[in-house]
Amino acid sequence: LFFFAFVYHHFRIIQKAQMSDSVEESDIQIEDKTPVHVNDDGIEIPANPEESANIFSRAIFEWSSKLIRLGKSRALVETDVWDVRKKESAHANSSRFEAAWKVEFDAKAEKSNILAVLHRIYGLEFWLAGSLKFASDIFNLSTPIFLKLILSYLTEGPDQQNVWLGLLWVFGILAFSSVGYFLQHHYFYITMNLGIKVRAALVTALFKKTTRVSAQAKSKKTTGEILNLMSVDCTTITAMLPYIHFLWSGLLQIIVAVIALIFLMRLAISAGLIIMIGLMPVGLVSAILFGKLRKRYLFYSDKRIKLTNEILQGVKILKFYAWENSFIKRILKIRVKEVQKIKIYYVFNSITNTIAFTSPIFTSVSTFALFAIIDGDRFSADLIFTALAYFNILRIPLTFYPMIIGFVVQCYISILRIGGYMGYAEKREISEGDDPNVPIDITKGFFDWNPKAEEAPKPKFSLFKKKARKPKEEKTNEME
C-alpha cells in the first residue's frame with residue numbers, strides 16, 4: 001500500500017508539473033503556505049517547509065517538490081530559496097562547538113582532539129545514519145537470495161498449487177530492494193545535512209579564533225593559511241562525512257558476499273579471493289602514500305600563500321625598490337615545486353583508481369573461469385545469476401574502498417591542521433577590580449615574549465576605570 005501510494009503521489013506531481021508548463025513565467029509563484037521569514041538583509045524569504053512537514057512528506061521528501069517544480073519552470077532567485085532551520089544555522093552550531101571545545105581544552109589542553117569534540121556534538125546523528133546504512137546493507141545483501149529462489153522456482157516448473165510461493169519471492173525482491181534504497185537515501189540526506197552543520201561550526205569557530213588569538217601565535221599563521229583552513233580543510237571534512245561509514249560498510253559487504261559466493265561456487269571462489277587478498281596491501285600502502293603526498297603539496301601551498309600575503313602587505317616598498325621581478329621569481333619557484341607535488345599526487349591517484357576499477361572485473365572473470373574448469377557440470381541459471389548479483393555487490397566496495405581510505409587520510413590531516421590552530425594561545429582577558437582609585441595594578445609581574453621560556457609566578461592583573469589618582473606623597477612601592 002505504501003509503495004502504490006508513493007507511485008500515485010509522484011504521478012500526480014508529474015501531471016501537475018506538465019500542466020504548469022503552459023503557464024507564463026511571470027505567473028509562476030511558490031505555492032507555499034508556510035510563514036515568511038525576514039533575513040538580516042531585510043529580504044522576505046519562505047520559511048523551511050521541512051519543519052512543518054508530516055511523516056509521509058519527510059519519508060519521500062515531498063516537502064521539496066514545490067521548489068523542484070519551480071526550478072524546472074524558471075531560474076530560481078534568492079527569494080525562492082527557503083531559510084535554513086535554526087539547528088542548521090551557523091550561530092547555533094558554532095555555539096555548540098565552542099562550548100564543547102572549551103570543555104575539551106580545559107580538560108586536555110594541548111592534547112585536545114577536535115574529532116572528540118565533533119563526536120560529542122554530532123555523535124548521535126552520525127551513528128543514527130550508521131544504523132540506517134547497516135539496515136540498508138542487510139536489505140540489499142538479501143536481494144540475491146530472492147533472485148535465486150525465483151530462478152529455482154522457474155527452473156523446476158511452476159505448479160498451480162504453489163503459485164503463491166513464486167509471487168511471494170517476486171514481492172520479496174521488490175520490497176527488499178525498495179526498502180534498502182529508501183534507507184540509503186535517508187542515510188545520505190542525514191550525513192550531508194550533518195556535513196553542512198560541521199562546516200558551519202568549523203568555519204565560524206576558526207573565524208572567531210582568529211579574532212582572539214595572541215600576537216605570538218598569530219605570527220605562526222598568515223591570513224592566507226587561515227583562509228586555506230576555512231576553505232580547503234573544512235571542505236575536505238564536509239565532503240568526507242557521507243562516506244566515513246563505508247569503512248565498515250564496505251568490509252561488511254565484502255565479507256557477506258564472499259561467504260555467499262563460497263557456498264555457491266565452493267573452491268572456484270579461491271581465484272577471486274587470491275586477487276582480493278593480493279590487492280589489500282595495495283590499498284593500505286596507497287593510503288599511507290596519499291597522506292604523505294598531500295602533506296607535501298600542502299606545505300608548498302601554505303608557503304606560497306604566506307609569501308604572496310607578505311608581498312601584498314609590503315607592496316609599497318616592493319614597488320619603490322623595483323623588486324617585482326625578484327619576488328615573482330620566488331613565487332614561481334615555489335609554485336613549480338607545488339605543481340610537481342600535485343602532479344605526483346594525481347598520477348598516483350590515477351594508478352590507484354585504475355587498479356580499483358579493474359579489480360572487480362578480474363575477480364569475477366577468474367572465478368567463473370576456474371568454476372568452469374573444476375565444476376562445470378553444476379552450471380545452472382539460478383547459480384550463475386545469483387553469483388553475478390553478489391559479484392555486482394562486491395564491485396562497489398572493491399572499487400571505492402581504496403579511494404575511501406585515501407579520503408579518510410586526507411580528512412584526518414585536515415582535522416589535525418584545524419585542531420592545531422584551535423589550540424593556539426589566546427589573548428588574556430583583564431578583569432575589573434574593586435578599587436576605582438587605581439587604574440592598573442600589577443603584582444609580581446613577569447613579562448616575556450615566550451611564555452614557556454621560564455617557570456615564573458602568574459602575575460595578577462586588574463583593570464579599573466580611572467576616576468582619581470593618589471597624590472605623589474602617598475605613593476607606595478606598588479606600580480600604579
Side-chain angles (χ1 to χ4, degrees), residues 1-21 23 25-97 99 121-133 135-136 178-201 203-204 238 241-242:
L1 289 175
F2 178 82
F3 174 74
F4 285 111
F6 173 81
V7 172
Y8 175 76
H9 180 74
H10 279 270
F11 174 76
R12 295 290 299 169
I13 291 175
I14 295 170
Q15 192 178 27
K16 289 180 180 178
Q18 290 175 349
M19 293 174 61
S20 63
D21 287 343
V23 182
E25 183 176 317
S26 58
D27 296 333
I28 299 172
Q29 295 179 354
I30 294 180
E31 301 175 1
D32 199 349
K33 297 180 180 180
T34 53
V36 176
H37 172 71
V38 180
N39 62 8
D40 296 335
D41 299 328
I43 300 174
E44 290 187 352
I45 53 178
N48 197 312
E50 187 179 3
E51 294 182 346
S52 57
N54 55 38
I55 296 176
F56 183 79
S57 178
R58 288 173 182 265
I60 62 173
F61 303 103
E62 190 273 336
W63 52 268
S64 63
S65 59
K66 293 179 181 178
L67 187 64
I68 295 172
R69 291 202 304 270
L70 184 65
K72 177 180 177 296
S73 303
R74 64 170 172 82
L76 298 176
V77 295
E78 183 181 0
T79 54
D80 296 331
V81 183
W82 310 309
D83 189 20
V84 296
R85 293 181 292 177
K86 289 183 179 180
K87 63 180 182 180
E88 297 166 358
S89 64
H91 174 72
N93 288 282
S94 64
S95 300
R96 294 177 65 189
F97 179 83
I121 303 171
Y122 305 109
L124 182 62
E125 294 179 60
F126 180 77
W127 292 114
L128 173 62
S131 64
L132 292 178
K133 179 61 179 169
S136 172
S178 301
V179 173
Y181 286 112
F182 173 81
L183 295 174
Q184 188 172 343
H185 279 54
H186 278 275
Y187 159 76
F188 276 109
Y189 176 73
I190 292 173
T191 50
M192 289 183 178
N193 199 352
L194 186 60
I196 294 172
K197 294 179 184 178
V198 170
R199 179 178 173 82
V203 172
T204 310
T238 304
L241 265 173

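Owing to the predicted nature of the structure, the values given are computational and were not obtained by experimental measurement. Just the heavy atoms: all of them, side chains too, but no hydrogens, waters or symmetry mates, feed the values below.
Within the structure, no pair that satisfies the salt bridge (charged side-chain N to carboxylate O under 4.0 Å, His left out) test touches residues 184-194, not counting sequence neighbours.
Taken to the nearest 0.5 Å, the CG atom of Asp83 stands 10.0 Å off from the CD atom of Glu88. Distance OG/Ser178 to CG/Leu183: 11.0 Å, rounded to 0.5 Å. Between atom OH of residue Tyr187 and atom OG of residue Ser131 there is a gap of 11.0 Å, rounded to the nearest 0.5 Å.
Scored by the ring-ring contact (aromatic ring centres under 6.0 Å, His included) test, Phe97 finds no partners at all (sequence neighbours excluded). Listed by chain and number, the residues in a ring-ring contact (aromatic ring centres under 6.0 Å, His included) with Tyr181 amount to none (sequence neighbours excluded). Legend: residues meeting side-chain contact (heavy atoms from CB on, under 4.5 Å) with Ala200, ordered by chain and number and at least two apart, are Ala90. Residues passing the side chain to side chain donor-acceptor pair (under 3.5 Å) test with Arg199, sequence neighbours excluded: Thr235. In terms of the side-chain contact (heavy atoms from CB on, under 4.5 Å) criterion, residue partners of Glu50 (sequence neighbours excluded) are, by chain and number, Asn48, Arg58, Trp63, Arg85, Tyr189. Taking Glu51 as the reference, nothing meets the salt bridge (charged side-chain N to carboxylate O under 4.0 Å, His left out) condition, with sequence neighbours excluded. Phe126 meets the ring-ring contact (aromatic ring centres under 6.0 Å, His included) test with His245; sequence neighbours excluded. Annotation: side-chain contact (heavy atoms from CB on, under 4.5 Å) contacts of Leu76 (sequence neighbours excluded): Leu67, Leu70, Asp80. Ser57 meets the side chain to side chain donor-acceptor pair (under 3.5 Å) test with Glu62; sequence neighbours excluded.
Nearest approach of Thr238 to Gly195, heavy atoms of both residues: CG2-O, 3.3 Å. Between Asn93 and Lys87, the shortest heavy-atom contact is ND2-O, 3.2 Å. In plain terms, the two heavy atoms of Gln184 and Ser136 that are nearest each other are CB-OG, 3.5 Å. Between Tyr122 and Ala201, the shortest heavy-atom distance links the atoms OH-CB, 3.7 Å. Ala129 and Ile190 get closest at one heavy-atom pair: CB-CG2, 3.9 Å.
Between Pro242 and the options Leu194, Asn193, Thr191, a side chain to side chain contact (heavy atoms under 4.5 Å, CB included) holds for only Thr191.
The number of heavy atoms from other shown groups lying within 6.0 Å of NE2 (His185) does not exceed 12.
Side chain of Ser73 to main chain of Arg69: a donor-acceptor pair is present (N/O by atom type, distance under 3.5 Å, no hydrogens or angles). Listed for the Ser94 side chain is a donor-acceptor partner under 3.5 Å among the backbone atoms of His91.
Side-chain contact between Lys197 and Glu125: present, with at least one pair of heavy atoms (C-beta onward) separated by less than 4.5 Å. A 4.5 Å side-chain heavy-atom check between Trp82 and Ser64 finds at least one atom pair inside the cut-off.
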